[in-house]
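Chain letters run A, B, ... following the sequence lines, proteins first and then strands; every chain starts at 1.
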Amino acid sequence: MMIEEKKSLNFIEQIIEEDLANGLPKEKLRFRFPPEPNGYLHIGHAASICLNFGLGLRYNAPVNLRFDDTNPTKEEQEYVDAIKHDIDWLGFKWDKELYSSDYFQQLFDWTIELIKEGKAYVDNQSSAEMAQQKGTPTEPGTDSPNRNRSVEENLALFMKMKNGEFEEGSHVLRAKIDMKHTNMHMRDPIMYRILKKRHHRTGNDWCIYPMYDWTHGESDYLEQISHSICTLEFKSHRDLYDWYLDQVVESDKLRPKQREFARRNLSYTVMSKRKLLQLVEEGFVNGWDDPRMPTISGLRRRGYTPASIKTFSETAGISKRDNVTDVALLEHCIKDDLNKTAPRVMAVMNPVKLIITNYPEGKEEWLTAENNQEDENAGYREVPFSREIYIEQEDFREEANKKFFRLKLGSEVRLKNAYIIKAESCLKDENGEVTEIYCTYDDDSLSGSGTEASKRKVKGTLHWVSVKHAEKAEVRVYDRLFTDEAPDGQKDKDFKEFINPDSLTIVDAFVEPSLKTAKVLDRFQFQRLGYFCVDTDATPDKLVFNRTVPLRDSWAKMGE
RNA sequence: UGACCCAUGGUGUAAUGGUAGCACUCCGGUUUUUGGUAUCGUCAGUCAAGGUUCGAGUCCUUGUGGGUCAACCA
């Protein structure tokens with residue numbers, strides 16, 4: 001029997017369903033993702049991307065990619081390119097690539113009308129004076145002495161602003177709304193400021209640039225976006241969004257609707273562009289795509305898949321309350337994906353040499369190994385075996401209780417894909433560290449050979465790499481970037497105080513030779529260790545792996 | 001001494017006046033040539049007090065707690 005489980009709608013979808021039920025034609029549904037090209041996208045943006053593009057898919061509606069580029073002092077083409085790459089990598093297709101700067105002329109024309117209607121005025125006070133008059137959230141503001149200039153004077157001054165006749169910062173254009181409004185954003189907000197900066201798209205065409213509020217809603221309107229979805233910190237901008245829309249909306253056109261949801265926070269990291277930029281600029285990480293960063297590019301380099309990020313966003317859901325999502329959920333999503341898709345290989349990170357004394361010297365065998373038992377199409381590969389192999393130091397103990405079912409003196413263990421061996425003795429250095437382990441093997445116990453010996457139940461199975469055939473590789477092991485769950489949640493402490501000094505450990509490892517041909521961003525499971533991917537620093541001569549995420553380790557959890 | 005938003009297990013989310021469910025985490029069992037995976041199970045929740053109602057996580061009131069808002073940023 002099929003159990004039809006209907007997925008519950010999130011509150012945004014509910015709003016849309018309601019609008020549809022109230023007569024909004026389905027064909028009018030249209031969404032947008034509006035990044036400012038002043039930084040890299042992070043996992044929080046992924047929530048918005050997955051939401052907006054997910055709605056597009058769900059309702060078969062177009063989704064525009066619109067760069068909100070009204071501030072030429074911060075925005076750059078580099079960021080535009082990176083953002084496009086990230087969205088594309090996630091697998092989403094935008095309908096049109098657009099820029100708020102495409103609308104500068106229309107915005108200007110509308111502004112002239114507003115001035116003529118007496119709804120906007122030029123103010124030439126200092127920013128300090130204006131801030132003073134603005135009041136506080138608990139106290140009303142007072143009117144600017146320039147609030148009642150004549151239309152003619154405003155028009156003339158605004159044209160001078162536009163023509164570059166005034167210095168930066170000397171004049172602004174303000175909407176004339178209400179200096180006593182309880183919403184600070186309604187206290188005669190600035191519509192235009194003078195910025196004598198070259199814009200990455202419009203060059204030197206303009207020296208006045210519109211502010212976010214006066215741009216965003218009108219851009220939505222011009223694109224006929226039905227639902228303009230943003231994060232909660234814009235909630236109080238909604239009054240202004242609507243006020244501006246009131247000035248331009250024509251009754252036969254769709255009026256966009258702004259709705260807000262809570263930003264997605266992740267435990268043990270920070271999610272503001274400002275703070276991420278700080279980590280980059282102050283050298284706490286090696287760039288926006290450092291694998292420890294919660295950026296899309298960092299996660300990509302770390303080995304995360306688009307599917308895992310989308311599953312994460314979907315599973316975490318959306319709502320309107322503050323949240324700190326456990327990074328364990330993100331890690332679960334990537335492990336779940338990679339478990340099904342990543343080829344298994346063997347690598348030894350902390351090697352100790354093991355010699356099989358009864359295995360003929362000089363002999364080598366190429367043994368068949370299953371690439372992925374979770375994927376029957378993954379096939380098989382050959383791995384070389386010989387008399388001397390590396391195993392992990394922590395897989396051997398001279399003596400141990402019966403909970404330790406790895407290798408110990410006098411007992412047996414299976415070498416993955418190979419033979420059953422028994423530890424006979426070991427050699428130690430002056431510090432008591434084991435330097436060599438001597439074993440014997442059962443030559444009738446080869447994995448998959450079907451012999452009685454091969455079917456023997458042996459509790460432990462170890463991964464290994466043949467010494468003679470081992471490839472060296474640099475492995476970068478990452479831990480969380482911060483030691484606190486919510487590093488920017490502390491009132492009187494800077495988030496940088498919680499930076500984990502051990503977030504990166506570099507290990508020289510030995511890997512099986514099949515990895516020699518691995519390409520950048522190829523993902524693998526190093527058996528019993530975790531998921532790893534080839535870092536962008538790798539070259540044909542030097543293998544470099546990033547540890548994406550370790551495997552669940554219930555042995556370590558026992559704490560013995 | 002303002003306005004607005006929010007409050008469900010440790011975490012993230014469902015339940016649209018009618019059995020508080022799902023996922024992650026944690027813990028335990030089974031299986032296993034990865035101490036992985038899979039699988040079974042345990043623990044654990046409606047901020048508080050009133051009110052409306054046959055019935056309230058849901059509606060109302062009042063508290064309490066958290067958040068947002070005063071860039072020529074978005």
Side-chain angles (χ1 to χ4, degrees), chain A residues 5 7-10 14 34-36 38-39 68-71 73-75 100 123 126-127 130-132 134-141 168-174 181-185 187 190-195 208-209 211-213 215-216 230 232-239 260 262 264 267 273-274 315-333 335-336 339-340 344 346 370 373-374 403-406 414-418 420 447-448 454-463 485 525-530 550-558:
Chain A
E5 192 160 334
K7 207 190 144 294
S8 56
L9 303 178
N10 64 47
Q14 288 173 25
E36 183 190 10
N38 70 340
D68 224 330
D69 56 350
T70 57
N71 185 356
T73 64
K74 289 186 180 172
E75 294 147 7
S100 294
D123 203 338
S126 70
S127 57
M130 285 190 280
Q132 183 70 28
K134 194 130 191 173
T136 70
T138 55
E139 295 161 316
E168 259 184 43
S170 65
H171 294 68
V172 292
L173 183 80
R174 293 228 252 170
H181 201 110
T182 52
N183 182 342
M184 297 288 289
H185 296 286
R187 322 241 263 227
I190 293 173
M191 296 177 72
Y192 278 94
R193 76 287 213 192
I194 299 168
L195 251 23
I208 54 170
Y209 289 92
M211 300 288 288
Y212 165 83
D213 291 296
T215 306
H216 201 89
C230 59
L232 235 29
E233 58 274 25
F234 290 97
K235 176 67 194 352
S236 59
H237 292 245
R238 193 152 107 193
D239 287 343
E260 312 82 10
R264 170 83 29 217
S267 61
K273 274 198 254 183
R274 206 195 90 243
T315 309
I318 62 156
S319 67
K320 293 174 78 166
R321 42 181 145 147
D322 290 341
N323 60 79
V324 181
T325 302
D326 194 338
V327 69
L329 180 61
L330 214 212
E331 293 176 343
H332 168 261
C333 292
K335 282 188 278 193
D336 193 48
N339 176 51
K340 297 177 191 117
R344 271 59 171 170
M346 292 193 286
E370 198 173 15
Q373 61 271 64
E374 306 292 326
K403 276 185 168 179
F404 181 86
F405 34 86
R406 276 113 105 133
R414 178 181 296 280
L415 293 174
K416 182 77 186 170
N417 303 314
I420 294 172
S447 291
S454 72
K455 291 176 186 163
R456 217 159 66 227
K457 291 287 176 201
V458 181
K459 192 69 178 162
T461 301
L462 306 187
H463 60 277
E485 236 181 39
Q525 185 195 89
F526 288 1
Q527 276 186 111
R528 301 212 300 140
L529 296 177
L551 251 27
R552 180 154 162 245
D553 188 351
S554 39
W555 165 245
K557 268 183 186 163
M558 286 164 66

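Closest to the side chain of A/S319, from the set B/G2, B/U13, B/A74, is B/U13. Distance from the side chain of A/S447 is smallest for B/U33 among the nucleotides B/U33, B/U16, B/C24. In the set B/U33, B/A74, B/A14, the nucleotide with an atom closest to the side chain of A/T70 is B/A74.
Residues satisfying the salt bridge (Lys or Arg N to Asp or Glu O under 4.0 Å) test with A/R344, not counting sequence neighbours, are none. The ring-ring contact (aromatic ring centres under 6.0 Å, His included) check on A/H185 picks up A/H237, with sequence neighbours excluded. Among residues two or more places apart in sequence or in another chain, the ring-ring contact (aromatic ring centres under 6.0 Å, His included) test is passed with A/H332 by none. Under the rule for a salt bridge (Lys or Arg N to Asp or Glu O under 4.0 Å), the partners of A/E168 that lie at least two apart in sequence or sit in another chain are A/K197. A search for salt bridge (Lys or Arg N to Asp or Glu O under 4.0 Å) contacts involving A/R414 returns nothing, not counting sequence neighbours. Every residue two or more places apart in sequence or in another chain that forms a ring-ring contact (aromatic ring centres under 6.0 Å, His included) with A/H216 is listed here: A/Y212. With sequence neighbours excluded, the residues forming a side chain to side chain contact (heavy atoms under 4.5 Å, CB included) with A/T136 are A/T138, A/E139, listed by chain and number. Among residues two or more places apart in sequence or in another chain, the salt bridge (Lys or Arg N to Asp or Glu O under 4.0 Å) test is passed with A/D322 by none. Checked against side chain to side chain donor-acceptor pair (under 3.5 Å), A/E233 has the following partners two or more places apart in sequence or in another chain: A/T231.
Look at the C1' atom in both B/U30 and B/G36: the space between them is 16 Å, to the nearest Å. Across the P atoms, B/G10 and B/A44 are found 11 Å apart, a figure rounded to whole Å. Atom name P, nucleotides B/C40 and B/C22: the rounded distance is 12 Å, in whole Å.
With 3.5 Å as the limit, one finds a donor-acceptor pair spanning the side chains of A/S100 and A/D68.
Counting any heavy atom pair closer than 4.0 Å across all strands shown, A/N417 reaches a base atom. Counting any heavy atom pair closer than 4.0 Å across all strands shown, A/H185 reaches sugar-phosphate atoms only and no base atom.
Here B/U32 presents its P atom at 16 Å from CD of A/E370, a figure rounded to the nearest Å. As a whole-Å value, the separation of A/Y212 OH from B/C69 P is 13 Å.
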- Query: Once each nucleotide of nucleotides 34-44 of chain B is scored for protein heavy atoms under 4.0 Å, what B/S/- sequence comes out, 5' to 3'?
  - Reply: BBBS-------
What are the atom names and distances for every N/O pair under 3.5 Å that joins the protein to nucleotides 4-7 of chain B?
residue: B/C4; atom: O2'; partner: A/K235; partner atom: NZ; Å: 3.2

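Pairs of Watson-Crick or G-U wobble type, with distances under 3.5 Å, assemble into runs of 3 or more in RNA chain B at these ranges: B:2-7 with B:64-69, B:10-13 with B:21-24, B:27-30 with B:38-41, B:47-51 with B:59-63.
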